[in-house]
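Every chain is numbered from 1 and lettered A, B, ... according to where its sequence line falls, protein lines coming before strand lines.
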Number of protein chains: 2
Amino acid sequence: MRRSSEDTKAAILAAARERFAADGFQAATIRAIASDAGIDPAMVMRYFGNKEKLFAAAADFDLRLPDLTTIPRDEVGRALAGHFMDRWEQDEGMMILLRTGVTNEAVAERMRDIFAGQLGPLIAGIGDAARPAPVRAGLVATQVLGMALCRYVLRLPPVVAMSREDVVDWLGPTLQRYLVGDAHTAPSAASRG
Amino acid sequence: MRRSSEDTKAAILAAARERFAADGFQAATIRAIASDAGIDPAMVMRYFGNKEKLFAAAADFDLRLPDLTTIPRDEVGRALAGHFMDRWEQDEGMMILLRTGVTNEAVAERMRDIFAGQLGPLIAGIGDAARPAPVRAGLVATQVLGMALCRYVLRLPPVVAMSREDVVDWLGPTLQRYLVGDAHTAPSAASRG
DNA sequence: AGTGTAGGCCAACATGTGTTGACATCCATC
DNA sequence: GATGGATGTCAACACATGTTGGCCTACACT
């Protein structure tokens, strides 16, 4: 069965995204990707030039952040937590960035651009001018990427076992404080469920 | 100049820790490590057997958690945040685990063991029995590892720019809530500094 | 039927890697 | 000073990888 050029290219890209997400840049081999796509390694070179360009095509990713200004101010933390959870599970792009960014400076820079360029402006629109938006964006990144790391990459059992709602319940207030709160907002440990 | 066996072994181990921390497992080559240590690659094999065993020796790491029961209950979050900050900066062991654990299942399992075995019991001693300690330990791990990832690996500029005290101020309340609080503890955004 | 072109495969090359075994060199001991 | 073990180097092997160029094959069109 013969495929069209576009079909083959798409098959290669799909296989590449899976392999890069599962194994990282170095461990994901052209041969393995080609095998998954059911074609010869030479085809990968034909369609994408080299491994770096294939990776660049596979690592395309956008946070697709919602407009936070349409959300009630006191629910913005939970909304963002839920959005990231959905985003992580629907698109393996973030897994690719996480697995490769830790050992590839170019990818790390891309992640810096994504979080500064997409999350920063969003937060600037809702936050308190007294605390700079980049710091708030950075803090949100630490909690959100840490959750992705522990849940999907390291697979810490209690973190994997949490439901989406559990995650939103726990991370929501944290993100809320990072977004619109103040460093010294003390948590109250009095109320118990 | 001739060195003793132990000196050479220590030099190799030091070079290996730096390389593994900077480049990860695959990108850190025996040849580069040997070159850093000023010896022939064959010596590495003689003293450590193979690359995996060298890595196992280099990736030795302990969280060295303090006894939280001696700390006032409402300061436990800040204390833990400060401890992790110190630990990250003094010992490159965590950088090694972070850079390699994302693409190496054996290392990921080791991190699971570390956080479940060291952090879990500690938290069980101070927490609320109503919420299981493993979940609390997992949540702490998400925030603490996320900070390490963003600050030392991805180097997000606003996160790098924060002082140790800034980090403790922001992460302290978060960890406090994860440790002894309740999921629905709402942050108060009223007070401003 | 003949033919050109796009899609696909095969074999090979250059390179870098972990790893090994043979050889060299220093130093303590007799 | 001779000897033997510890310390170290060298060259090479076996293997996997990214990459390349040549060749094959099906299909559309005349």
Side-chain angles (χ1 to χ4, degrees), chain A residues 1-60 96 99-107, chain B residues 1-60 96 99-107:
Chain A
M1 195 64 174
R2 200 105 166 242
R3 289 180 288 199
S4 82
S5 173
E6 287 305 311
D7 286 350
T8 301
K9 206 168 170 180
I12 293 171
L13 205 55
R17 287 176 66 84
E18 278 190 26
R19 284 284 180 178
F20 284 133
D23 305 334
F25 182 77
Q26 302 208 40
T29 69
I30 296 278
R31 281 170 166 85
I33 291 167
S35 172
D36 287 356
I39 45 111
D40 190 271
M43 299 300 320
V44 178
M45 311 308 295
R46 166 120 73 206
Y47 287 125
F48 291 92
N50 59 29
K51 191 181 180 181
E52 293 249 347
K53 289 179 187 167
L54 171 63
F55 177 79
D60 188 34
I96 297 178
R99 281 232 164 77
T100 59
V102 296
T103 48
N104 184 320
E105 178 53 26
V107 178
Chain B
M1 193 68 171
R2 197 104 165 242
R3 289 180 289 198
S4 81
S5 172
E6 287 306 311
D7 286 350
T8 300
K9 207 169 169 179
I12 293 171
L13 205 54
R17 286 175 67 83
E18 277 189 29
R19 284 285 180 176
F20 283 133
D23 304 334
F25 182 78
Q26 303 208 41
T29 69
I30 295 279
R31 282 170 166 84
I33 292 167
S35 172
D36 288 355
I39 45 112
D40 189 271
M43 299 300 317
V44 178
M45 310 309 294
R46 165 127 61 212
Y47 287 125
F48 291 92
N50 59 30
K51 191 181 181 182
E52 293 250 346
K53 289 179 187 170
L54 171 63
F55 177 79
D60 189 33
I96 297 178
R99 280 231 164 78
T100 59
V102 296
T103 48
N104 184 320
E105 177 53 25
V107 178

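For DNA chain C, the stems formed by at least three consecutive Watson-Crick or G-U pairs, with both atom-pair distances below 3.5 Å, span C:1-30 with D:1-30.
Residues passing the side-chain contact (heavy atoms from CB on, under 4.5 Å) test with A:A58 are A:L13, A:A16, A:R17, A:F20, sequence neighbours excluded. A search for side-chain contact (heavy atoms from CB on, under 4.5 Å) contacts involving B:T29 returns B:R31, B:A32, not counting sequence neighbours. Not counting sequence neighbours, the partners of A:E105 by the side chain to side chain donor-acceptor pair (under 3.5 Å) test are A:R112. In this structure, the side-chain contact (heavy atoms from CB on, under 4.5 Å) partners of A:A27, at least two apart in sequence or on a different chain, are A:D23, B:Q26.
For DNA chain D, no neighbouring residue in residues 10-18 of chain A is found when judged by any heavy atom under 4.0 Å. The stretch residues 24-54 of chain B touches DNA chain D through B:R31, B:I39, B:D40, B:A42, B:M43, B:R46, B:Y47, each having a heavy atom within less than 4.0 Å of the strand.
Applying the 4.0 Å criterion to OP1 and OP2 of D:dT7, one finds that B:S4 has every side-chain N and O outside that range.
Minimum heavy-atom separation, A:T103 to B:G24: CG2-CA, 4.0 Å.
The CZ atom of A:F55 lies 3.5 Å from the OG1 atom of A:T100; values are rounded to the nearest 0.5 Å. In this structure, the separation between CZ on A:R99 and CG on A:N104 is 15.0 Å, given to the nearest 0.5 Å.
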Can you list, pair by pair, the side-chain donor-acceptor contacts under 3.5 Å of residues 36-51 of chain A, counting residues two or more places apart and other chains?
from	atom 1	to	atom 2	distance (Å)
A:D36	OD1	A:R19	NH2	3.3
A:D36	OD2	A:R19	NE	2.7
A:D36	OD2	A:R19	NH2	3.4
A:D40	OD1	A:A42	N	2.8
A:N50	OD1	A:E52	N	3.2
A:N50	OD1	A:K53	N	2.9
A:K51	NZ	A:F25	O	2.9
A:K51	NZ	A:A28	O	2.9

